[in-house]
Amino acid sequence: MNQVTKYQNKKVLVMGFGISGINAAHLLVKLGAKVVANDQKTPKDPAVVKDLEQDGIKVITGSNPVSLADDGFDYLVKNPGIPYGVPLVAAFVKKGIPIITEAELGYEIFPGHLISVTGSNGKTTTTTLIQRMCAEGLPHESKYAGNIGVSFSKVAATMSADDTLVTELSSFQLLGAPEIHPHIAVITNIFSNHLDYHKTRENYINAKLNITRNQTKDDYLIMNWDRDEWQQIAKRTNATVIPFSRQDRSEKGAYEKDGNIYWQGEKIMAASDIRLIGPQNVENALAAIAAAKLSGVDNQAIVKVLTTFGGVRHRLQYVMEYKGRRFYNDSKSTDIEATEVALQGFDAPVILLAGGLDRGYTFERLVPYFKKHVKALIVFGQCKDKMKDAGKQAGLSTIIESENAITAVPEAWKLSEPGDVILLSPANASWDQFPSFEVRGDKFIAAVEKLTGQKEQK
């Protein structure tokens, strides 16, 4: 890894004991910093605190004392999800003390070829596809890290100058990564997400654009070209822009035309041969192809990945087929856009399992998709009545309530016939009933396995 000296003898507060925070604290010790680690909660596992203290780190748990801002810290490394309005963070902001995220540390120590992916939807699938293509088609090591659930800095510390690291970066991470400079940046799309955090859409867009802020004309920004707004956003970079388009709006990068996938005029494969289903996964594949080709990956490696990769867990994940019914886990669909996209991926009748945390909005936007794709609707969670209203507007004859995504599985089975798709795509966050979308998806899969007596197919 790169030898970074800027933290030598500096006093650094690490705020938040997530994967990124714990790894950042240990890394900073290696870089010569004097580290204090703080979390509002006290970890249930005492080994977490013990491990930090054994590395010489002072640990403060149970609260975020605002007084820490007066203790002479040179940097604050915060968990990306902690808002800047939290009193302790706000105190650091007021004092002008640099606030970064673990992604910045990962960038600083990584010596190799960096590809970074952001966007509202499709980040994880695109990141995974790029990494698999590079691993298949390049002679040196390729790994992924970041918002995909793997610590950026921990992975970066194990890699050499010849290696490729593909990082998924959220808008939260990018706000705290002022120096990050990927050679290849990817923006999959930009909708209006996380406005409770960013306050305005423009703030959200600006956070996403931090991925390209330090790029030059010798670097690349791969950008979705299928909306005029995204084309305008692409003008705000100094990088060389490489478009990708499912709607054949540009042939300068990766695009779909007449059912085939192309890279700058060269046919790569038929779109129908992509194993991942749905139009959104064609877009993800196009973005990945652009990044892979710019990295020197050949067509054979690209085609192999796209024809064999079955999907990232919880993201329109194929679970199994049983007695003519196909089960899909799309628990990551925590917003309306994601469920719209998921439904468009199926020609077969869909029994949709949907619902979850009530964030105050209604679901009229899903009505045309319900009309075209949904055979029966099973609703649950805080927003079940609003989801039911959308089903009624769509004229669905079969709408039933269930307690949650697990109890909905046998209900869906009773309504199904051979040829049907049983799809969990909630269009809502999970927090009313589950601690995370991952837990919701895992329990859905377990319910399918219990129903069928079979294990998920991988």
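One is the number of the first residue; the rest follow in order along the sequence. Only heavy atoms go into these numbers, but all of them, side chains included; no hydrogens, no water, no symmetry mates.
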Just say parallel, tilted or perpendicular for the rings of Phe73 and Phe92, cut-offs at 30° and 60°. tilted
Mind telling me whether Tyr361 and Phe363 have parallel, tilted or perpendicular rings, with 30° and 60° as the class edges? perpendicular
Quick one about [Y] and [X] (side-chain donor to acceptor, distance below 3.5 Å, no hydrogens or angles considered), yes or no?
X	Y	result
Thr61	Asp39	no
Arg275	Thr307	no
Glu456	Gln317	yes
His181	Asp219	yes
Thr125	Arg315	no
Thr101	Gln173	no
Asn284	Arg246	no
Thr128	Gln131	no
Glu364	Thr362	yes
Ser20	Ser151	no
Gln382	Asp358	no
Ser250	Ser245	no
Gln40	Ser63	no

Quick check: does any side chain N or O of [X] sit under 3.5 Å from a backbone N or O of [Y], one acting as donor and the other as acceptor?
X	Y	answer
Asn38	Met15	no
Lys78	Ile82	yes
Thr452	Gln454	yes
Thr124	Ile148	no
Asn210	Leu174	yes
Thr212	Leu209	no
His373	Leu343	yes
Asn281	Ile277	yes
Glu104	Glu179	yes
Asn189	Asn121	yes

Salt bridge flag under 4.0 Å for residues Arg313 and Glu438: no
Are Asp228 and Arg249 close enough for a salt bridge, meaning some N to O gap below 4.0 Å? yes
side-chain hydrogen bond (donor to acceptor under 3.5 Å, both in side chains) assessment of Ser171 paired with Lys208: CA-CA 5 Å; Ser171 57; Lys208 289 295 189 188; 4.6 Å; no
Would Phe380 and Glu401 count as a side chain to side chain contact (heavy atoms under 4.5 Å, CB included) here? Give the steps. CA-CA 6 Å; Phe380 45 80; Glu401 294 183 16; over 6 Å; no
Would you call [X] and [Y] a side-chain contact if the rule is heavy atoms closer than 4.5 Å?
X	Y	value
Ile205	Arg236	yes
Leu423	Leu353	no
Asn224	Glu283	yes
Leu13	Tyr75	no
Lys332	Leu316	no

Ring centroid separation [X] to [Y] under 6.0 Å:
X	Y	value
Phe346	Tyr328	yes
Tyr220	His183	yes
Phe172	Tyr197	yes
Trp431	Phe437	no

Show, in sequence, the C-alpha distance, side-chain angles and deciding distance for Lys143 and Thr158, and conclude whether the side-chain hydrogen bond (donor to acceptor under 3.5 Å, both in side chains) test is met. CA-CA 10 Å; Lys143 295 182 179 180; Thr158 69; 3.3 Å; yes
Contacts under 3.5 angstrom, residues 409-420 side chains, donor-acceptor by atom type, not counting sequence neighbours:
{"unit_1": "Ser416", "atom_1": "OG", "unit_2": "Arg325", "atom_2": "NE", "d": "3.0"}
{"unit_1": "Ser416", "atom_1": "OG", "unit_2": "Trp413", "atom_2": "O", "d": "2.8"}
{"unit_1": "Glu417", "atom_1": "OE1", "unit_2": "Lys375", "atom_2": "NZ", "d": "3.0"}
{"unit_1": "Asp420", "atom_1": "OD2", "unit_2": "Lys375", "atom_2": "NZ", "d": "2.6"}
{"unit_1": "Asp420", "atom_1": "OD2", "unit_2": "Glu417", "atom_2": "N", "d": "2.7"}

Could you tell me which residues satisfy side chain to side chain donor-acceptor pair (under 3.5 Å) with Ser142, sequence neighbours excluded, listed by chain and number? none
With His26, which of Leu28, Ile22, Val29 fulfils side chain to side chain contact (heavy atoms under 4.5 Å, CB included)? Ile22
Side chain to side chain contact (heavy atoms under 4.5 Å, CB included) with Leu221: which of Ile242, Ile187, Ile184? Ile187
Evaluate Thr126 against Thr188 for side-chain hydrogen bond (donor to acceptor under 3.5 Å, both in side chains), listing each step before the verdict. CA-CA 8 Å; Thr126 302; Thr188 58; 5.7 Å; no
Would you sort out whether Ile261 and Val282 count as a side chain to side chain contact (heavy atoms under 4.5 Å, CB included), showing the intermediate values? CA-CA 9 Å; Ile261 301 296; Val282 174; 4.0 Å; yes
Just wondering, are more than 12 heavy atoms of other shown residues or ligands nearer than 6.0 Å to [atom1] in [X]?
X	atom1	value
Asp45	CG	yes
Ile19	CD1	no
Tyr107	OH	yes
Lys388	NZ	yes

In sequence, state the C-alpha distance, the side-chain angles, and the governing distance for Val36 and Val14, and then conclude on side chain to side chain contact (heavy atoms under 4.5 Å, CB included). CA-CA 6 Å; Val36 176; Val14 176; over 6 Å; no
Not counting sequence neighbours, which residues clear ring pair (Phe, Tyr, Trp, His ring centres under 6.0 Å) with Tyr204? List them please. His198
Would you please test Lys58 and Asp71 for salt bridge (charged side-chain N to carboxylate O under 4.0 Å, His left out) and show each step? CA-CA 13 Å; Lys58 180 180 179 181; Asp71 283 357; 5.9 Å; no
Test Ser67 against Asp70 for side-chain hydrogen bond (donor to acceptor under 3.5 Å, both in side chains), laying out the working first. CA-CA 6 Å; Ser67 60; Asp70 297 321; over 6 Å; no
